[in-house]
Amino acid sequence: MLNVGVIIKLEPDFSEGNVSYNSDGTLNRAETKNILGPHSAIACNAAFYCKVKYGARISIGTMGPPIAESALKQAQVLTDAEELNLYSDRLFAGADTLATAEVLKNGVEKMFGADKMDIVFSGHRASDGETGQTGPQTAWKLGYTFLGNVMDFDIDLDRKVIVAKRLISLQGMDTIIEEIECPLPVFITIDPSYKSAFSTVSQRLGANKYSKQGRKKSENYAQFLKTYDSQKLDLDPKLVGLPGSPTIVYRVERIPRAKTNRKTAIIDPSNPDNLTPVVTKIIEIARGK
Amino acid sequence: MKMSNSINQEIGTRRDEKYRHIYVVIEHFEGQVVPVSLEMLGEARRLMDDFNQKYQLREKVVAVLLGSDVRKLCDELVTYGADAVIYANHDELKYPRNDIDTRVIVQIAMDAKITKEIEPEYAGTFVKPRYMFFAADNIGRHLSSTVLADLESGLASDINKLVISDLDIRHEHKTKGQTVRYEKILEMYRPDFSGFLWTTILCLDNKNPEIQREYHPQGCSIIPGAFKPIDKDDSRDGTVVEYSPKIDQEPKIKIIKRSVIEKTIDYETCKIVVSMGRGIKDNPEQNIKLIEEFAELLGAEIGITLPLSKKPYQVSQSMDSKYMSPDRVIGTSGSKISPTLYVAIGLSGAVQHIAGMKESEIVISINIDENSPIVDESDIFIKGRMEDVIPKLVEKIKDQMQAISVRST
Amino acid sequence: MEQFDVAIVGGGSAGLSALKKLSDLNKSAILIEAGDKIGTKNVSGGILYSKNDPTGRIFNVEDVFGEDFESSAPIERLIKKYYLHATSGNKIFTMDLTPLHEYKTNFGFSVLLNRLNPWFAERASESAEKQGGGIITGVHVSDIQWIENKTIVRTNELEDFQVKSIIAADGINSEVAEITSARSKFNPEEVYFGVKVIIKLPEKIIEERFHLDSSEGSAHLLAGDITLNHVGGGFLYTNRETLSLGAVYHYNSLLSNPVAPAQLVDELIKNPLVSEYIKDEVPTRGENDDLSKEDQLKVQLSVSKLIKTYNDLRYKYFSKNNGGLIESGRFNNTEEIKSRIDSIKQDLTEKYGTKFVNNYVELEYSAKLIPDGKRCVMKRPYYNNVLFIGDAAGRGIFIGPKIEGINVGIDDAVRASIAVSRSIEKNNFDSDYLGNYFQSMINESPYTRQMIKIDEGYLSLFLDLVKDISFSSANPGFEFGLRMMKNKRFRETALRLANILGYKRILPIIESERAYVKVPMQLADKLGKVVTSSYTPEIPALSERIAKLQYNDDTEPHITVNDKRSEFMKKLILLCPTKCYSLEGKDVMLQHEGCVECGTCSIGTRWRHPKGEKGIRYRYG
């Protein structure tokens with residue numbers, strides 16, 4: 001049996017009409033609804049694919065306050081997960097990525113009664129600030145091979161090997177699709193372009209079955225939910241939350257907008273001579289100086 | 001926990017001697033250094049020059065380069081600001097792979113011996129880099145995470161401003177509520193998701209005796225295009241050192257195939273972007289052709305406003321598939337760009353659009369409506385129909401360019 | 001290769017009914033739908049009927065989906081009143097034709113297919129899954145091949161699979177029909193073209209304005225100058241909290257007098273009767289010139305959120321049980337909701353310069369071809385082991401104001417299911433056995449009869465209804481004919497004669513500009529009342545309508561123009577409802593991204609549905 005884990009995150013819903021800001025420009029968290037992050041949802045889709053295609057069982061984990069349960073519930077709808085894990089403790093508050101990864105590492109190690117995991121998925125990044133370090137750091141702490149930007153994958157169950165396509169795009173360079181092979185266990189962050197590619201009618205019917213099952217299960221998601229605090233996760237309090245975070249947020253400020261106060265020169269093009277200085281300027285820039 | 005033991009053994013060593021230099025992890029692709037690497041070197045150079053002057057020290061900008069045949073790139077890194085380049089050549093390092101690259105970079109970062117060749121006088125005291133820079137792209141973002149996870153230190157991602165300073169910090173955990181002076185701290189500025197707020201992140205040692213711990217290097221990943229490289233200087237000197245990586249286990253990731261896909265439009269590296277909006281409506285096909293000619297002349301990339309991506313006008317199939325596509329949208333729902341010159345043609349400047357182009361250095365707009373919001377966002381506003389203005393500009397540009405080339409021959 | 005007994009191609013009302021019925025007959029079937037979700041490719045004018053007929057059995061929606069259909073399905077309103085409005089300028093003459101609506105009718109509900117079909121799908125897949133079948137969405141059947149007694153279905157998305165029989169329910173632009181060459185493409189003579197907008201209006205305002213009881217609705221037909229001189233007319237149906245406003249015209253009539261389809265809807269909207277019906281108070285964003293640029297985006301998002309909250313609350317406030325706002329504990333009573341709405345309104349007005357003006361709110365623009373069964377019904381609705389049902393078989397009822405399609409498709413589906421089920425039991429899928437049997441069952445349907453012969457009872461009823469109108473004052477020419485028709489004896493003889501002549505010969509007389517345009521205008525002019533509108537609706541441009549539609553863009557066009565210089569394609573520049581065609585030099589060029597897959601251009605093109613999940617995604621339908 002393939003054991004698949006998914007690390008997810010509850011995030012503010014940034015879509016227009018749902019998001020609300022305070023007058024100082026910060027996010028108004030009270031007025032903005034929280035949802036399962038869109039990248040987390042894509043990671044869930046990848047796990048669901050493993051369930052339909054390889055009969056995997058799925059365990060979902062998230063670190064957060066008790067309200068993060070709602071993200072676990074939404075994730076169960078998408079994955080028909082067997083297990084939901086909430087890692088919640090006041091001590092975790094204020095954690096940076098390293099301290100978060102510490103919690104998630106122990107969380108993953110406890111999935112399915114501390115059974116060995118084969119694949120753990122997480123989102124590409126979160127939309128509210130976390131920029132994609134948590135996944136790779138958790139992977140490293142777990143000792144799982146980390147694969148980023150995975151767009152497509154296939155698992156050889158006998159050899160316990162994954163073949164995956166990864167997207168690599170670097171500034172100013174051609175985009176590369178890299179096909180790699182790697183023994184399990186792996187920790188994967190799923191590229192936003194990922195789409196589950198069910199290839200037969202039977203797989204599609206299977207997907208229907210499991211997704212219906214997932215919807216049904218999620219109605220009683222509490223039955224599947226396990227809540228862990230730092231003790232249950234065997235965590236050293238010095239390594240989690242603020243004490244375990246190398247970094248702190250020192251300051252939050254508005255980004256000054258010097259350039260917005262442009263002095264506009266209005267030019268009447270009916271006299272072509274007026275355009276001459278403009279053209280000089282354009283050419284100057286075009287020629288690189 | 002091996003590492004903290006070794007730190008304890010160094011008691012008596014001055015901190016300035018334990019943690020030294022900015023290590024910049026270089027990326028390259030098909031024999032070329034990725035631009036962000038040179039941008040990072042440039043910023044590291046500027047920071048280090050100020051740093052050395054302020055603290056009367058001689059720390060270095062050290063470029064770290066992995067690959068299978070990368071010696072040839074080392075000199076270029078020196079001309080762009082590196083004092084030293086540590087490179088590792090190995091067949092297994094030909095393409096970036098997170099698992100093996102992390103191990104090798106950690107080895108290099110922890111290797112005091114190699115620093116002997118960079119500055120012999122501190123070789124015995126060096127423990128780890130003081131600062132470490134990575135690119136915030138889909139190689140560096142992951143690599144920075146795993147390297148810093150292994151080095152058990154702090155990382156700030158997607159940074160676009162850096163300052164080194166001494167700070168008085170009072171923090172519940174870090175200093176147990178006491179005010180403590182921290183020296184040579186890297187203030188790492190990260191723009192938030194909305195692009196309106198800056199969060200400054202610091203990587204600080206725990207000076208609270210109950211949780212005492214040192215966190216170095218202070219690591220960050222840097223947004224491509226955020227900094228400027230220094231002017232290439234062929235006369236610069238630098239030490240180039242080869243490092244022999246210890247690859248004791250076979251890398252788990254095997255690369256089976258790499259295929260190049262068609263390059264998508266890349267506004268980040270464009271100096272000039274010409275954008276069009278609904279003002280093309282009177283004669284869309286003809287107006288796009290005009291804009292095309294204008295852009296080509298300047299070597300500019302073409303952008304569009306969001307409404308155009310919804311294809312409100314009839315244009316030929318080829319024009320349509322080339323330009324009326326969501327990848328070209330400049331604005332909150334598309335690319336946010338900061339070219340040297342932005343030319344806004346026939347667009348009114350909806351807030352969503354302005355959010356995507358306001359970082360441009362110089363903005364020229366062409367529009368018939370002098371009350372449209374784009375006017376306030378422009379340095380130069382040409383009031384007129386694009387059908388009239390662009391041909392005049394094109395003609396003048398051609399004339400002037402010709403004049404320049406005649407002069408220079 | 002995977003094997004299945006039955007593949008149903010197309011997840012519209014007919015295909016879903018077939019899946020449900022087959023499954024209830026304990027047969028395993030899979031339904032393949034190209035849209036990413038059921039309902040996203042479906043459009044209807046808007047009324048689903050349940051019918052009875054003394055001449056034969058009709059299989060109705062409640063027979064297939066359960067007697068609890070009326071109480072459980074997401075239907076809009078039970079249509080109780082049926083009016084015909086003759087228009088001329090601002091003069092309207094209204095006739096109550098409710099008895100025509102009630103004729104042979106158990107019930108008629110206004111429906112939105114993007115709500116109804118997913119419900120059908122839920123019921124159908126529940127039954128299908130018990131038999132090992134189910135619904136597969138986002139998959140486009142691209143080919144069917146018969147190799148050595150095997151029927152192989154090929155799709156763009158999945159591996160090929162084998163089936164024993166196929167039910168083709170892939171709509172008026174049936175690709176299965178083309179693949180099998182079971183019938184030729186419909187020509188403009190055989191079809192009607194429909195264009196529709198969904199208009200948002202709060203539930204209680206609809207009830208008050210149309211004088212309706214809760215859950216009840218009315219249907220309004222329009223003819224006269226609003227047709228812009230075409231054969232056909234307009235309709236306005238009340239849904240629960242929307243209105244379906246549209247127009248249906250004989251395609252031939254549009255070809256001979258081309259006009260942009262959107263204009264046909266605009267013409268309706270501009271009619272004072274209609275504009276008063278659709279009127280609502282609409283918040284309109286103000287300008288924020290005094291704000292710094294960097295605050296504008298934030299303000300805009302905040303205003304969006306406020307307007308959204310305002311609209312949500314207001315629509316709920318005007319809904320049954322206040323949309324559950326009190327039940328859920330969010331508010332204690334109606335007054336509290338009202339005062340919250342008022343305070344948001346005040347905030348929007350005073351802080352953000354939002355204005356509240358009379359206008360109307362359009363939600364979705366759509367278009368569809370409708371088979372005129374009396375002209376295009378498939379004489380032999382099968383090929384090999386493939387059975388055609390509903391629109392795919394050209395089966396629809398189109399007689400004057402009577403337009404029925406969904407109920408016909410459901411009836412067909414049951415008949416096809418019974419035929420296929422019988423074949424599975426006998427393991428005989430020969431066309432002699434399966435196809436012939438299906439044909440005989442189809443021929444027994446009262447709907448089939450209505451596609452071939454004039455329903456004398458219906459026509460008599462119509463004549464009875466209009467007999468008291470003093471036509472003479474409108475047009476003395478009618479006087480004689482009508483007096484004759486009032487005579488029962490004469491009427492019977494005339495109808496018999498007409499049926500002997502057949503639809504083909506008499507249609508040009510009945511379906512004429514005179515009947516749809518001139519007479520109604522004369523009636524309105526002479527007998528109509530003046531109606532005035534209190535505002536001028538701001539009608540969105542076509543580009544705005546298209547921008548509101550959701551698409552999943554396919555980079556490759558699904559349509560290829562056969563002859564870029566044909567006269568027909570030149571007319572499509574105007575007739576394509578989303579202006580996908582333009583003239584480039586002498587060639588008509590396609591820009592497929594805005595395509596709503598109506599098939600109006602089908603006859604002049606190689607026309608395929610987009611690949612799975614691609615193309616238009618209607619939200620109301």
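In the text below, chain A, chain B and the rest are named by the order of the sequence lines, each starting its count at 1.
- Every side chain to side chain contact (heavy atoms under 4.5 Å, CB included) that B/S144 has, sequence neighbours left out, goes to B/F134, B/L155, B/S221.
- With a 4.5 Å cut-off on side-chain heavy atoms, A/T189 and B/H142 count as touching.
- Contacts of A/I168 with chain B are made by both backbone and side-chain atoms, with heavy-atom separations under 4.5 Å.
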* Asked: Step by step, would you call A/E178 with B/I255 a side-chain contact (heavy atoms from CB on, under 4.5 Å)?
  -> CA-CA 7 Å; A/E178 190 179 72; B/I255 296 170; 3.5 Å; yes
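- Listed options B/P251, B/S378, B/C203, B/A135 were ranked by heavy-atom pairs under 4.5 angstrom with chain A; first place goes to B/S378.
- Counting heavy atoms from C-beta outward, A/K238 and B/N206 have side chains that stay 4.5 Å or more apart.
- In terms of non-hydrogen atom pairs under 4.5 Å with chain A, the most contact-rich of B/E187, B/E30, B/E27 is B/E187.
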* To do: Show your working on side-chain contact (heavy atoms from CB on, under 4.5 Å) between B/E172 and A/I248 and close with a plain yes or no.
  => CA-CA 11 Å; B/E172 186 193 346; A/I248 62 161; over 6 Å; no
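- Heavy-atom distances place both the backbone and the side chain of B/F381 under 4.5 Å from chain A.
- With rounding to the nearest 0.5 Å, the separation of CG in A/N149 from CG in B/N138 is 4.0 Å.
- Here the side chains of B/W198 and A/R251 are not in contact, with every heavy-atom distance at 4.5 Å or above.
- Atoms OH and OH, from B/Y182 and A/Y250 in turn, are 11.5 Å apart once rounded to the nearest 0.5 Å.
- Between the side chains of B/S157 and A/Q133, at least one donor N or O sits under 3.5 Å from an acceptor N or O.
- Each of B/I382, B/I362, B/L202 has some count of heavy-atom pairs under 4.5 Å with chain A, and the biggest count is that of B/L202.
- In the displayed structure, A/K160 atom NZ is contacted under 6.0 Å by more than 12 heavy atoms of other residues, nucleotides or ligands.
- Contact annotation for A/K281: only side-chain heavy atoms (C-beta onward) come within less than 4.5 Å of a heavy atom of chain B.
- The 12-atom threshold is not exceeded at NZ of A/K165, counting heavy atoms of other residues, nucleotides or ligands nearer than 6.0 Å.
- Atom-to-atom distance recorded for A/S169:OG and B/D137:CG is 7.5 Å, nearest 0.5 angstrom.
- Heavy atoms closer than 4.5 Å to chain B are found in the side chain of A/L147, but not in its backbone.
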* A/E181/B/K254 under salt bridge (Lys or Arg N to Asp or Glu O under 4.0 Å): CA gap, chis, key distance, verdict -> CA-CA 5 Å; A/E181 193 185 274; B/K254 286 195 180 57; 5.5 Å; no
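- Contact of B/Q212 with chain A is not made at all, since no heavy-atom distance falls under 4.5 Å.
- The greatest number of non-hydrogen atom pairs below 4.5 Å with chain A, out of B/L298, B/T340, B/I253, is found for B/I253.
- Contact of A/V186 with chain B is not made at all, since no heavy-atom distance falls under 4.5 Å.
- Evaluation of the salt bridge (charged side-chain N to carboxylate O under 4.0 Å, His left out) test over residues 139-148 of chain A, restricted to residues two or more places apart or in two chains, returns A/E102-A/K141.
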* Apply the test side-chain contact (heavy atoms from CB on, under 4.5 Å) to residues B/I256 and A/I180: give CA-CA distance (whole Å), side-chain angles for both, the deciding distance (0.1 Å), then the verdict. => CA-CA 5 Å; B/I256 304 168; A/I180 55 112; 5.7 Å; no
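- The side chain to side chain contact (heavy atoms under 4.5 Å, CB included) search around A/S245 returns A/A95, A/D96, A/A99, not counting sequence neighbours.
- Residue B/V363 touches chain A through both its backbone and its side chain, counting heavy-atom pairs closer than 4.5 Å.
- For the residue pair A/G132 and B/S145, the shortest heavy atom distance occurs at O-OG, 4.3 Å.
- Of the possible polar contacts, one joining the B/K174 side chain to the A/P246 backbone as a donor-acceptor pair under 3.5 Å is found.
- When the candidates B/T200, B/I169, B/V147 are compared by the number of heavy-atom contacts under 4.5 Å with chain A, B/T200 comes out ahead.
- No other option in B/I366, B/V389, B/V36 has as many heavy-atom pairs under 4.5 Å with chain A as B/V36.
- The side chain to side chain donor-acceptor pair (under 3.5 Å) test with A/W140 is passed by exactly one of B/D99, B/D150, B/T102, B/N98: B/D150.
- For B/E395, no part lies near chain A; criterion is any non-hydrogen pair under 4.5 Å.
- Interatomic distance, B/K252 NZ to A/L184 CG, rounded to the nearest 0.5 Å: 11.0 Å.
- You'll find the side chain of B/L148 reaches within 4.5 Å of the side chain of A/Q137, heavy atoms only.
- Against chain B, the residues from residues 265-278 of chain A that qualify, each with a non-hydrogen atom under 4.5 angstrom away, are A/A265, A/I266, A/I267, A/P269, A/S270, A/P272, A/D273, A/L275, A/T276, A/V278 in number order.
- Between atom CD1 of residue A/I176 and atom OH of residue B/Y95 there is a gap of 8.0 Å, rounded to the nearest 0.5 Å.
- Looking only at distances, no side-chain donor or acceptor of A/T247 sits under 3.5 Å from a matching main-chain atom of B/G154.
- Taking 4.5 Å as the limit, some side-chain heavy atom of A/I283 sits within range of a side-chain heavy atom of B/M401.
- The NZ atom of B/K396 sits 8.0 Å away from atom OG1 of A/T280, with the distance rounded to the nearest 0.5 Å.
- You'll find the side chain of B/L341 reaches within 4.5 Å of the side chain of A/I282, heavy atoms only.
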